[in-house]
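Every heavy atom of this structure was used, including side-chain atoms; hydrogens, water molecules and symmetry mates were not.
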Amino acid sequence: MTSGVGHKVARLLGIQLQPKDPYHHVNDPRETAHFNTDQTFVEESPRVDDFFLKLVPSGPQVWRYLVSLFPFLSWIGYYNLQWLAGDLVAGITIGAVVVPQGMAYARLANLDVQFGLYSSFMGVLVYWFFATSKDITIGPVAVMSQLTGAVVTDMAAVLPDVPGHVIASALALLAGAVVVSIGLIRCGWIVDIISLTSLSAFMTGSAICIAVGQVPSLMGLSGFSTRDPTYLVFINILKHLNTASMDAAMGLSALAMLYLIRGVCMWIGTHYPKHQKLAFFISTLRVVFVIVLYTLISYLVNRSLPRGTARFKILFDVPRGFQNAAVPVINTSIVSNLMGYLPATVVVLLIEHIAISKSFGRVNNYRINPSQEMVAIGITNMLGPFLGGYAATGSFSRTAIKSKAGVRTPFAGVITAFVVLLAIYALPAVFYYIPNASLSAVIIHAVGDLITPPNTIYQFWLVSPFEVLIFFVGVFVTIFSSIENGIYTTVLLSAAMLLFRILRSKGRFLGRVKVQSMLGNRVIGNDRQQPVPGYGTFTGSQEAPTRNIFLPITHADGSNPEIELDNPYPGIFIYRFAEGFSYPNAGSSLEHLVEHIFAHTRRTNLSHFDRPGDRPWNEPGPSRKDMKAAAAAGVDAGIMGVDVSLPTLKAVILDFSSVNHVDITSVQQLIDVRNQLDRYASPDIVDWHIACINNRWAKRALAAAGFGYPTVVPDGPHRRWRSIFSVAEIGGSHSAAAAAEVEVNEKEIARSRRQTAADVEVGNKQQKQQQHHHRGPNDPKKVGTGGSESVPRKPTVTFEHAVLSLHQKRMSLGPELHSGRTVVAPVHGINRPLFHVDLTSALQSAIANVEGRYEGLEEHH
C-alpha cells in the first residue's frame, strides 16, 4: 500500500497518524548549531515489519540450526587415544554402577528388573549423539521411577488388561514427544520458570517418599500398601514392625555396609591424599561390591532349595536379552488416561536433567544447550520403549561419578552401553539370587543424597526467608499428598510470590551525592600516576575528582544513613522504577509517584477556584470561618492550610534502567499521570525527562505517547528550550582518526627500527676498528665481552625504546594533538531531547530548562 493510499484510508477510518518526526524543531539551526551536519543523529523508530523479518531465519542460521542438532559433529573428528582412555575408565565404571541401580529402580517403578536394564541401555547409547554435556548419564532414576510406579498402579485399576510395562513405555513415548517438540523449537528457557526452591523441595520430598516406601521391602514387612501417602506408609511401618522377616538382615546390613564403605573411603581420601584416587573408585563401586557380596550369600543360602523358592525374597528368573522389544502400544484409550499424568512426567524429566547438566557444565567449564538437551532426552525416551524401556533422565549420582572418573567426551556412554548389553545377555543367571532387600538398600542409599542438607536450607534462609517457607510447604505436600502435587504447589507458590512482588512494587525517589573513589589513602584520579588509569570520569581533572551518584532518599538500599543526599533541585524529582514498568505494577508505581509529589510540593496557582462551588468535593478547601478570617486579615484564602514554603512542581525524571518493556496499559497510565500533574502545576507545564531507556520499542511507545520532546503550547516553549545532549567521539578505537593515528605510529616505529639497525651496525664496525688499533693482531685478549678491557660503544636505540618514545611524544602533546581531528556526535537522537543516556545528563537538562523558563518569563515581563 502506498503512502498516499494509506493516508486516505487512515483519514476515512478516523485514525490520527503520528508525524514522522513529532519534534520537528530539531532542524532549527539554533538547536543544532553546535553539531556539524554530518554528525547529527536522528533516531528512527523501529518498524513492525523489521521485527517480523528478524524472526525469519537466514540460510546460514538454518544451517547452524541443523548442525546444532548433532553436537557430536563438532568434536568427533578430534577424537584421540587420550580421550578414549578417559572414556573407557568412566564408561566401565558407570556400567558397573548402572546395572544394579537400574534393576533396583525398575522395582520402584512396579516393573520387572529387566526393564530397568533396557532403559539403562538405550539411555546411554542414544544420548551421546545429541549431547552437549560430557558428564550426564541418562537412565532410570529414583524420582522418575517412583512417578512411573504410581502411574502403573493407577492404570492397573482403569485398564486392567494392559500390562504395566506397556503403560510405562507409552508414558515414556508421549513425554519424550513433548520434550522433543520443546527442544526442536529451541524453547529450553522454559525450565527457568522452575525455581531452585521448587527443585530442592521436589527432590527432598521425593527422596523422603522413596526412602520410606522402600523400608517395608528392606525389612520384609507386609500387610499394607506402600503406594499410600508417605505419612500413612510410615504409620503402617510402625504398626507392622512385628511382621519383619529374614529380609531385614539382608537389607539393614547391606545399607549399613554401603554407608560404612563410603565413610571409610572419605576418611582415607581426607587423611591420605596420595590414595584419594583409589579411595574414590572403591567408594564408587561400593554398590557393585555389596550386590555381589549379598548375591553370593544368597546363592550359598538358597542353592539347595527347589527352583522358585528361597528363605528370603530374591529376584528369581530374569529373562535374557531384549524379550520385550516391540513397537509401543499407543491407542486412544491409553493416551486419554495418561494425559493427566503427562505434565508432571515432563516436569520431572526436565528439571532434574537440566539442573544437573548446568551444574556440572559450570564445574567443568563448558556450556550446555538446554534446548538441545531436551532433544536428547526426548529422543532417548521415544526410542527406549521400542526395546521395552520406560522413562529415563539424567541421574545426579551417576553423573557425579562419571565426572570424577575423568570422562572426556559423551562417547563414554557407548562404552557403558556395551557393559549393560553384556549384563543383559551374560548375567541373568547371576541375577536370580539377588536379594530384594539388598536392592531396596541400594535405593535408600542412593536417594539419601537427594535430601537437601540443613546447611543448605540455612543458606536459603539467609538469601530469601520466604522461599524457605515455600520449600517446607512443598516437602510437606509431597509427604502428605503426592510427588505431583508437591511439584505443582512449589511452582505455583513461587510464581505467586513473583507476581505479588511485581504487583506491589514501588519505585524509589533518588537524591544526589558527590562521591570519590579511594584506593588505600589515595583518591583515584587525583594524581598523575593513577592506580586505575583509563577508567571512570577522572581523566584530565584539575580538581579533586568527584562524580555524581543517585541513591534512594530513604536509604532503603542499605547505604549509610549519615550521608546527606542533596535535593536535585526544588520541584524536580528523580524516580526509579523497581520491578520494571508494565501493566501489573504500573498502577502501584505511579500512585506512589503522585503521592510523594503531592506531599512535597504545592499547587502553582493557589487561587485556582473563584467560587467555593467550583472546588471538587474531595478537595473542599478552607472552611467559611477560615475564609472570613483570611478576608479580615487581608490574606488570600487560597493559601489557607497550604505550606507556601514547598516548591511547585517543575520536572519529573524517570529512571528506566530496570525497565525493558512497556505496554499499552502502563503507557496510558503514564499519560494520565502526566495530565494530572499538568493540571496540578497549571499554568506551568511539567517537563518529563526519561533516562537509561534500554529498548528501542520502549522509546517508540513513549514517543508515540508524547514523551521524549517538549510539550508544544501556544506560546512556543520549545523556542526557549535548551537542548542538552550527551556526545561521544565517533568510532572510538575504530574511528578514522584512530586509524590515521595507527598508520602514523606504524611509520614512526618502522623508521625507528631502521635507525636502530643502522646504529648497531655502525657501532659494531667502530668497536672492531678501535680494538684492532689498540691491541694488534697477536694480542691474546679476544675481542668481545670476555676481555678485561672494554671499548665504549655507541648507545643504541631498541624497538621498545622507540615505541615508548613515540608514546611519550604523543602524550606530551596532550589534547592539542587530536583537537583538530576529534569528531563528536550525540549518543541519543536529537529528535528526542528528553531521552537521556544517564541521570546526570537528564538532571542537567531539567535544571537548565527550568532556569531558562524563568529567564524567559523575566524577559517577557
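Atom OG1 of Thr665 and atom CG of Leu670 lie 12.5 Å apart (nearest 0.5 Å). Rounding to the nearest 0.5 Å places CD1 of Ile574 at 10.5 Å from CG of Leu565. Residue Asp655 holds its CG atom at 11.0 Å from CD1 of Ile690, rounded to the nearest 0.5 Å. To the nearest 0.5 angstrom, His445 atom NE2 is 9.0 Å from Gln101 atom CD. Taken to the nearest 0.5 Å, the CD1 atom of Ile553 stands 11.5 Å off from the OG atom of Ser559. For the atom pair Leu503 CG and Glu579 CD, the distance stands at 10.5 Å (nearest 0.5 Å).
Between Val652 and Ile597, some side-chain heavy-atom pair lies under the 4.5 Å cut-off. Residues Cys187 and Trp189 are in side-chain contact: their nearest non-hydrogen atoms beyond the backbone lie under 4.5 Å apart. Residues Ile377 and Phe130 have side chains not in contact (no heavy-atom distance under 4.5 Å, counting atoms from C-beta outward). Within the 4.5 Å cutoff, the side chain of Ile237 has heavy atoms near those of the Phe224 side chain. Looking at Val124 and Ile138, their side chains never come closer than 4.5 Å, going by heavy atoms from C-beta outward. Proximity of Val346 to Val179: side-chain heavy atoms (C-beta onward) are separated by under 4.5 Å at one or more points. Within the 4.5 Å cutoff, side-chain heavy atoms of Met374 are placed close to those of Ile190. For the pair His555/Asn560, no side-chain contact is recorded, criterion being any heavy-atom separation below 4.5 Å from C-beta on.
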Given Asp449 and Arg262, is the salt bridge (charged side-chain N to carboxylate O under 4.0 Å, His left out) satisfied, shown in steps? CA-CA 12 Å; Asp449 294 332; Arg262 186 173 73 171; 2.9 Å; yes

CA sep, side-chain torsions, deciding dist, call: Gln372, Arg186, side-chain hydrogen bond (donor to acceptor under 3.5 Å, both in side chains): CA-CA 8 Å; Gln372 183 58 29; Arg186 290 305 193 240; 3.0 Å; yes

Could you walk me through whether Asn585 and Ser588 satisfy the side-chain hydrogen bond (donor to acceptor under 3.5 Å, both in side chains) test, starting with their C-alpha distance in whole Å, then the side-chain angles of each, then the deciding distance to 0.1 Å, before giving a yes or no? CA-CA 6 Å; Asn585 62 357; Ser588 60; over 6 Å; no

Apply the test side-chain hydrogen bond (donor to acceptor under 3.5 Å, both in side chains) to residues Arg547 and Thr840: give CA-CA distance (whole Å), side-chain angles for both, the deciding distance (0.1 Å), then the verdict. CA-CA 10 Å; Arg547 65 185 187 276; Thr840 299; over 6 Å; no

What verdict does the side-chain contact (heavy atoms from CB on, under 4.5 Å) test give for Arg512 and Asn567, after you've listed the backbone C-alpha separation in whole Å, the side-chain angles of each residue and the deciding distance to 0.1 Å? CA-CA 7 Å; Arg512 179 180 60 179; Asn567 184 20; over 6 Å; no

Before giving the answer on side-chain hydrogen bond (donor to acceptor under 3.5 Å, both in side chains), spell out for Ser145 and Tyr390 the whole-Å C-alpha distance, their side-chain angles and the decisive distance to 0.1 Å. CA-CA 9 Å; Ser145 299; Tyr390 68 95; 2.9 Å; yes

Is there a side-chain contact (heavy atoms from CB on, under 4.5 Å) between Thr345 and Glu484 once you walk through the steps? CA-CA 9 Å; Thr345 305; Glu484 305 95 296; over 6 Å; no

Assess whether salt bridge (charged side-chain N to carboxylate O under 4.0 Å, His left out) is satisfied between Asp192 and Lys358, documenting all intermediate values. CA-CA 12 Å; Asp192 293 335; Lys358 284 184 176 180; 3.2 Å; yes

Take Thr393 and Val348, measure what side-chain contact (heavy atoms from CB on, under 4.5 Å) needs, and give me the verdict at the end. CA-CA 8 Å; Thr393 186; Val348 173; 5.6 Å; no

For a side-chain contact (heavy atoms from CB on, under 4.5 Å) check, start with the C-alpha distance between Lys514 and Asn548, then their side-chain angles and the critical distance, and finish with the verdict. CA-CA 5 Å; Lys514 291 183 178 296; Asn548 290 327; 3.2 Å; yes

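Ser657 contributes no side-chain N or O that, together with a main-chain N or O of Cys692, makes up a donor-acceptor pair within less than 3.5 Å. Without hydrogens or angle criteria, Ser403 side chain to Thr399 main chain gives no donor-acceptor distance under 3.5 Å. Side-chain atoms of Tyr488 come within 3.5 Å of backbone N or O of Ala344 as a donor-acceptor pair. For Ser589 (side chain) and Ala586 (main-chain N/O), no donor-acceptor pair under 3.5 Å exists by modelled atom type. Between the side chain of Ser120 and the backbone N or O of Gly116 there is at least one donor-acceptor pair closer than 3.5 Å. A side-chain donor-acceptor contact under 3.5 Å links Asn236 to the backbone of Leu232. Without hydrogens or angle criteria, Tyr575 side chain to Gly507 main chain gives a donor-acceptor distance under 3.5 Å.
In summary, the side chains of Asn110 and Thr153 do present a donor paired with an acceptor at a separation below 3.5 Å, with no hydrogens or angles considered. Side-chain contact, Thr452 with Thr204: a donor N or O sits under 3.5 Å from an acceptor N or O. Under the 3.5 Å distance criterion, with hydrogens and angles disregarded, a donor-acceptor pair is assigned to the side chains of Thr132 and Glu373. A side-chain N or O of Asp663 and one of Ser666 form a donor-acceptor pair less than 3.5 Å apart. Between the side chains of Ser217 and Ser440, at least one donor N or O sits under 3.5 Å from an acceptor N or O. Residues Tyr366 and Asp135 bring a donor and an acceptor atom of their side chains to less than 3.5 Å of each other. In this model, no donor atom of one side chain and acceptor atom of the other lie less than 3.5 Å apart for Thr137 and Ser395.
In terms of heavy atoms, Thr148 sits closest to Leu171 at OG1-CD2, 4.4 Å. In this structure, Asn381 and Ala392 approach most closely via the heavy-atom pair OD1-N, 2.8 Å. Between Asn694 and Phe656, the shortest heavy-atom contact is ND2-O, 3.6 Å. Considering all non-hydrogen atoms of both residues, Ile356 and Gly394 come closest at CD1-O, 3.8 Å. Shortest non-hydrogen contact noted between Gly486 and Thr478 is CA-OG1, 3.4 Å. When all heavy atoms of Ile483 and Ser206 are compared, the pair lying nearest together is CG2-OG, 3.6 Å.
For an aromatic pair to be called close, the ring centres must be under 6.0 Å apart, and His592 with Phe509 satisfies this.
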Between side-chain atoms of residues 456-477 and protein atoms elsewhere (two or more places apart, or another chain), which donor-acceptor pairs fall under 3.5 Å?
from   : atom 1 : to     : atom 2 : distance (Å)
Ser464 : OG     : Glu467 : OE2    : 3.2
Glu467 : OE1    : Thr197 : OG1    : 2.9

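For OH of Tyr259, the number of neighbouring non-hydrogen atoms (other residues, nucleotides, ligands) closer than 6.0 Å is greater than 12. No more than 12 heavy atoms of other residues, nucleotides or ligands shown are found within 6.0 angstrom of OH on Tyr583. Other residues, nucleotides and ligands place more than 12 heavy atoms under 6.0 Å from the CZ atom of Phe598. Residue Met518 qualifies as enclosed at atom CE: its count of foreign heavy atoms under 6.0 Å is above 12. When the shell of 6.0 Å around CZ of Phe234 is examined, it contains 12 or fewer heavy atoms from other residues, nucleotides or ligands.
The aromatic rings of His600 and Phe573 stand perpendicular to each other, their planes meeting at an angle above 60°, with 30° marking the opposite boundary.
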